[in-house]
Amino acid sequence: MKTSIATVSISGSLTEKLEAIAAAGYDGIEIFEQDFIAHDGSPRDVGRMVRDHGLDITLFQPFRDFEGLPEPYRTKAFDRAERKFDLMAELGTDLVLYCSSCHPKALGGIDRAADDFAALGERAAARGMRVGYEALAWGRHVNDHRDAWEIVRRADHPNIGLVLDSFHTLARDIDPETIRRIPGDKIFFVQLADAPRIDMDLLYWSRHFRNMPGEGDLDVTAFMRAVMAAGYAGPVSLEIFNDQFRGGSTRGVAEDGYRSLMALMDDVRRTEPGLTLDMPEMPGRVRADGVSFVEFATRGDEAQSLEALLETMGFTKTGTHRNKAVTLWQQGEVRIVVNQETKGHAGATFNTRGTTVCDIGLAVADAGAVTARATALGTEPFAQPIGPGELDIPAIRGLSGSVLHFIDDRSGLADVWDVEFGAGTTPEGAGITRIDHLAQTMSYEDMLSWTLFYTSIFDMRKSPMVDVFDPDGLVRSQVVESPDGALRITLNGADSHRTLAGRFLSETFGASVQHVALATDDIFATAESLAARGFEPLPMPQNYYDDLAARFDIDPALLARMQTLNLLYDETDTGAFFQTYSRAFAGGLFFEILQREPGYAGFGAPNAPFRIAAQKRQRRSKGVPSK
Ligand code: MG
Ligand code: MG
């Protein structure tokens, strides 16, 4: 299976694009005319440059407004076609994409278009070229791949075939199963793109909002299953028009695309019976069973205040690393690792970001399988030197400099705490049982990368994106979670540096975990126990409780208790939810403690604006300028 990406999908100069595309592992590119019009070099030079990067030109595009024209436009269109064949010969490619006409003079008529393509086929054959016809979703007369196929079928020429594009088919809700009726050898090329479901003009939607398969809401997998079942054997190519990608990191977007393409084709292979695909084997998505540990890189005074905070939350220091300045804190199933090493990943992370979460350990069904899958999807494995008596725990590099370790029961990796920390049994705490979720913050542009990262490697689903209002701007929030809720991660995309999330990002130079949410089965008992230990919750104002009384039917005595303990509340038809927050420490990190009734699937989103406002008040009262 040959992989390819259209050069328009990513940012940068042509040279930068080629380097990033080759490094990410693609076999070829679709080249756009603009690429070499802007480039200082002849088409022959461009062709050589592409091949020097080990890449093929899989397709030249686009050729617009060809079919169905009256004279004298028709003759001119054929002249234009000949000039493009010249250009293709210089570039060293034999396949060109013709998109269905939007020309105001185009007359329509399946047979007229078929006759034009039959005549074009003769000219193409004489030059050793092939032409693929694509139905644009907004084409004037042809906007459906079934009509484009009928034109190709009637043109009946070996050098004329079809180009399928998942966006054009799925955006118009055309059943992708109809592709199974098309002979595979007449499908010359396949372009893939996903998109969020937004009700807007098709052309505008396509040119600005396409994204990588798996990042949007279209069923690209069903489309591709039908294409492969039809017997298609050509390149699988990404054609993504997206404003963020065009302004984003060249290398990052190329890598996301490769990850998305390999995950998609692996899904196709797994779900379409009777298909054998020539692509690397990889294990399927791995089940995540929860967060096994969260590791903070910290030092000095900040380390002391973090450890003091952990004590007031009922954690006990249960172990010290046999070789390193690292301590283990436990309560229930929760493990917090406090790493004060000056070397290695934690040391480097502290030096650039200050106290932050530098490592997340996930409990998974099979630690080896998850790293094998992640690596096959282009993720870098992570390793650092192993000290005496230490276990080699599989790990990968996440995004934004993060590291993820994987712990399973089968391989003895779960013994790491006994082996490396000499950890004994966990003493009684304040009732905290497990990590409910991690909240990660990133810039809005990076949100798609993070969702793709989690959903392509793990068996995790994403929720629709919701808006959270910060007094100083908007934060977009999306949840990725495993089907049983064992692993839940909330992703918060900050648009502005003035929001609390945005400020956290700038002050930590792009750290990701902003808060860790801890679950208890009885938040009243836990909050009282914490108060007795000297824990200082985030204070909530009287107005918040007045509003709760107005919105919900809460017993006044219970409400008064909630107010004393600074508990926040939410409920749905299926369950209730309580939460409380620590005060922020070390540049904006904080803990959340919550109790969810089994039927409550949310994260207290209605409370987020009040929480943010309370945190901003705290910040001001500590004399931190609010910019
Ligand atoms: Mg296309
Ligand atoms: Mg939360």
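One-based numbering, in listed order, for ligands and for the atoms of each.
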Could you tell me whether Arg596 and Asp436 make a salt bridge, using a distance below 4.0 angstrom between a side-chain N and a carboxylate O?
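Answer for the salt bridge query: yes.
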In terms of side-chain geometry, is the basic nitrogen of Arg225 or Glu177 positioned less than 4.0 Å from the acidic oxygen of its partner?
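Looking at Arg225 and Glu177, the cut-off is not met.
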If we check ring-ring contact (aromatic ring centres under 6.0 Å, His included) with Phe167, which of these qualifies: Phe209, Trp138, Trp205, Phe223?
Trp205
Exactly one of Trp149, Phe63, Tyr133 should register a ring-ring contact (aromatic ring centres under 6.0 Å, His included) with Phe117. Which one does?
Tyr133
Among the N, O or S atoms of [X], which one sits nearest to the Mg ion (ligand 1)?
X      : answer
Glu134 : OE2
Asp165 : OD2
Glu239 : OE1

If you measure only the distance, is there a donor-acceptor pair under 3.5 Å linking the side chains of Tyr544 and Gln563?
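Gln563 and Tyr544 do not have a side-chain donor-acceptor pair below 3.5 Å.
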Of all the N, O or S atoms in Glu592, which one sits nearest to the Mg ion (ligand 2)?
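It is OE1 of Glu592.
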Out of the N/O/S atoms in His437, what is the name of the one closest to the Mg ion (ligand 2)?
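Among the N, O or S atoms of His437, the one closest to the Mg ion (ligand 2) is NE2.
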Can you tell me if, anywhere in Gln61, an N/O/S atom lies at a distance from the Mg ion (ligand 1) that is smaller than 2.8 Å?
no
